[in-house]
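Report on the following structure.
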Amino acid sequence: MAVHILGIRHHGPGSARNVKAFLETVRPDIVLVEGPPEADAMLQWVSNEGLKPPVALLCYQPDDPQRSVFYPFADFSPEWQAILYARRQNIHVRFMDLPAGNQMLVEKEQKVVEQQQDPDTVHINSEGQSLEQLYKSPISYLADAAGFADDEKWWEHTFEYRNNNDEVFDAVSEAMQALRESFPKKDKKLEQMREAYMRRTIRQAEKEMFHTIAVICGAWHAPALQGKSSQKDDNEILKGLPKVKTECTWIPWTFNRLSFRSGYGAGINSPGWYNHIWNHPLDDGTLWMAKVAQLFRKQQMDTSVAHIIEAVRLAGALASLRGLPKVGLEELNEATLSVLCNGESILLKLVHDELIVGHQIGEVPVEIPKPPLQLDIEKQQKKLRLPATADYKDYTLDLRKDTDLERSILLHRLQLLGINWGRQQYTSGKGTFKEQWRLQWDPGYSVEIIERGNLGNTVAEAAANSVLNQAKEAKELKVIGDLLEKTIPAELPGAIEALISQLNNLAAASADVIELMEVVPGLITVARYGNVRKTDAELVISIINSIITRVCISLPNACIAIDEDASQKLLELFFKLNDGINLLQDTGIINMWQQTLLTIAANKNTSPVIGGYSTRLLHDARKLEGDKLMQYFSFAMSSATAPVIAAAWLEGFLKGSGTLLLLDQDLWQVIDNWVASLAGEVFMQVLPLLRRTFANFTNPERRKLGEKARSGGGTGHQHTNISANFDAERAKQGLPVIMQLLGLTININDTNGN
């Protein structure tokens, strides 16, 4: 009976190649792999053609899906190659690590202990760092001895880049044993339990009379699995191990998630590069540089064969100067930067994202057991031709087309579930028939899908229940309004009806005019959007009518005796509410709103900035013009009005545009006379208000207003000069063309210009 301990690096292409070669030579009876025993039933899928790495085993607790753990695999993962060999040879294969459920519990306990730890017991150095922060990886000492500044680079050149290394596993085990003896440290409870469980699994395989046992584990664990610990000691360590129910499934993974930046602790810096050297172990850099050149050419960058040859030569020279057995990624990157990028490091980021990391995503067979909600999502993704991709992909949806409308509904429903696979982007134009989405799949969504599974077996059912649950907890009118606005595009009739009913009840009970004003613009958007999506919006419009009626009754009194901060907040609500009412295009509502504005503008006790803005809105609606407007304006800017109040009124009147002053000479003259009448000290008091008013204008408006002020206010002399030099005969020559463009006719001989 023989037990072979193969210490590897997770996701190491060289380790994977050595494991594969070793297994093909030794031909074991059983293969034991570091991984969760609960997932043994999922190993039967490894030889299925539909399971294409990168993929991951997802182990989770059904009653608390957020407590979950991923076990990723790529083609170049040694564990994957070991499992694949066993499945193809039809021999036994098992996972041998501590069950994932137990690991999650132990980790939770350790976090609680660390949080409760007395700060006085933590040893701090002179720079304020704990010993835990100063801990150095033991492997880094081997790298230092070999002259490498980076232990990752040392491991790559020592193990991952070498081919046909028959004694590599003995060397790894010996090196790890030396490190464990030279740098003893108090092992964490979890690591002790994991290694004890692995030894227990090996003993079980021996009891079952397997003659040749191959064990694939992380390099650090290799010496600990040599059988030096007794069965009694291991049983003591594992005593009282709690039973935790977990479920497992396969999910697609991505190269991006394999990298360190994804936050996965056992990740690698360059999955795309590792995949390359797994598939092309003898490449001296030529094939890699060809990929870089192809990438640059897609970006319209000139890259010749001569560039590739020179870059490969430079990388080889760098490897020789550094005494390396083979060209590595660092040398290839430096050669790329010097030869192909002309020293521009920003171009190297493109290589990093597209090639060194990559956007590859795995595939999982439909037949694999999955939660019903996940199956429904995958079914709709396939039906609507929305594949889950590791890289982002943009979609422009035309809601008048059935397929695009169904896509939009699915994405909105997923957002209601908190699964942000698609993020809505800004779309140009004012039409509501178009939506822009950016889709990018994250494997972490699988956990969120499982967690939402208790809401329903389909996306529609789960989204509707999610909305209803949120509505039950909501007590504010604005929250219900926002939720309704998000639910309408998702087309969930039952949830929409419940939200409208709750909204109506809250609106009827609310006496806060500010709260009512906040919810109206969103409801108007809902009514308009509902029509676009062929949804009955009559119920929403009836609520809007009711709320606006209540607003119009209460608003005039709400604008009296309020401070500046409250006035500014109310001013923004006026702006949004007025825009929403104009968008709704309901004559009855518009008339009621304009009558309210007249009441507010005419009340002398109204907050001046609100009074000014109300007057401006009435002017824009052509309800205050000519002498009537000048009457309001002159009263507000008269000498009897305190300058600070007049400045505030002017700020409200000019909100949003200064063009009015450029076009209306009478208004300009009233303001000009008012400013001229101010004493020096008074002018300095109102200057901040005037600056704030004019600061909101556009640069061209401010420039033209300055020119007008500098020229004396545009009294009309310039118009006289223009009229004096006007050439009537020359102007008549252009009239036929203009009238033809307008589809009209003109009598050229009519000198009166009729």
Could K153 and E160 be called an ion pair, given the rule that one side-chain N must be under 4.0 Å from one carboxylate O?
no
Heavy-atom neighbours of R438 CZ exceed 12 at 6.0 Å
yes
Which residues pass the side chain to side chain donor-acceptor pair (under 3.5 Å) test with S466, not counting sequence neighbours?
Q470
Output, in order, the C-alpha distance, side-chain angles, deciding distance and verdict of side chain to side chain contact (heavy atoms under 4.5 Å, CB included) for L439 and T389.
CA-CA 8 Å; L439 274 60; T389 57; 5.8 Å; no
Check against side chain to side chain contact (heavy atoms under 4.5 Å, CB included), L238 and Y197
CA-CA 7 Å; L238 298 173; Y197 199 94; 4.1 Å; yes
Pairing of R203 and D234 as salt bridge, 4.0 angstrom limit
yes
Can S173 and Q226 be counted as having a side-chain donor-acceptor contact under 3.5 angstrom?
yes
Can you confirm whether or not the ring centre of F70 sits under 6.0 Å from the ring centre of W253?
yes
What heavy-atom pair brings V366 and L375 nearest, and what distance separates the two atoms?
O-CD2, 4.1 Å
Using side chain to side chain donor-acceptor pair (under 3.5 Å) as the criterion, list what pairs up with E174, not counting sequence neighbours.
none
Is it true that a side-chain atom of S446 and a backbone atom of P443 form a donor plus acceptor pair closer than 3.5 Å?
yes
Could you verify whether a donor N or O on one side chain and an acceptor N or O on the other, from E156 and Y274, lie under 3.5 Å apart?
yes
Distance-only check: which donor-acceptor pairs under 3.5 Å involve side-chain atoms of residues 415-423, not counting sequence neighbours?
{"unit_1": "Q415", "atom_1": "NE2", "unit_2": "G422", "atom_2": "O", "d": "3.1"}

Keeping the roles fixed (side chain from N465, backbone from L455), state whether a donor-acceptor pair exists under 3.5 Å.
yes
Donor-acceptor contact present, side-chain R257 to main-chain P72, <3.5 Å
no
Minimum heavy-atom separation for M42 to T249, with atom names?
CE-CA, 3.9 Å
Quick one about T246 and E38 (side-chain donor to acceptor, distance below 3.5 Å, no hydrogens or angles considered), yes or no?
yes
Keeping S15 on the side-chain end and H10 on the backbone end, is there a donor-acceptor pair under 3.5 Å?
no
Parallel, tilted or perpendicular: which describes the rings of F255 and F76, with under 30° parallel and over 60° perpendicular?
tilted
Has the side chain of D29 got a donor or acceptor atom that lies under 3.5 Å from a matching backbone atom of F210?
no
Just by distance, with hydrogens left out, do N457 and E461 show a side-chain donor and acceptor under 3.5 Å apart?
no
Test item: side-chain donor near acceptor, E247 and Y60, under 3.5 Å
yes
Distance-only, no hydrogens or angles: does the S77 side chain make a donor-acceptor pair with backbone N or O of E79 under 3.5 Å?
no
Has the side chain of D144 got a donor or acceptor atom that lies under 3.5 Å from a matching backbone atom of A149?
no
Could you check whether K245 pairs with D63 (Lys NZ or Arg NE/NH1/NH2 to Asp/Glu carboxylate O, under 4.0 Å)?
no
Stepwise ring pair (Phe, Tyr, Trp, His ring centres under 6.0 Å) test for H11 and W278:
CA-CA 10 Å; H11 314 307; W278 165 253; over 10 Å; no
Using only atom types and a distance under 3.5 Å, with no angle test, would you say the side chain of R94 pairs donor to acceptor with the backbone of T201?
no
Would you say D283 and H276 are linked by a side-chain donor-acceptor pair, where the criterion is simply a distance under 3.5 Å?
yes
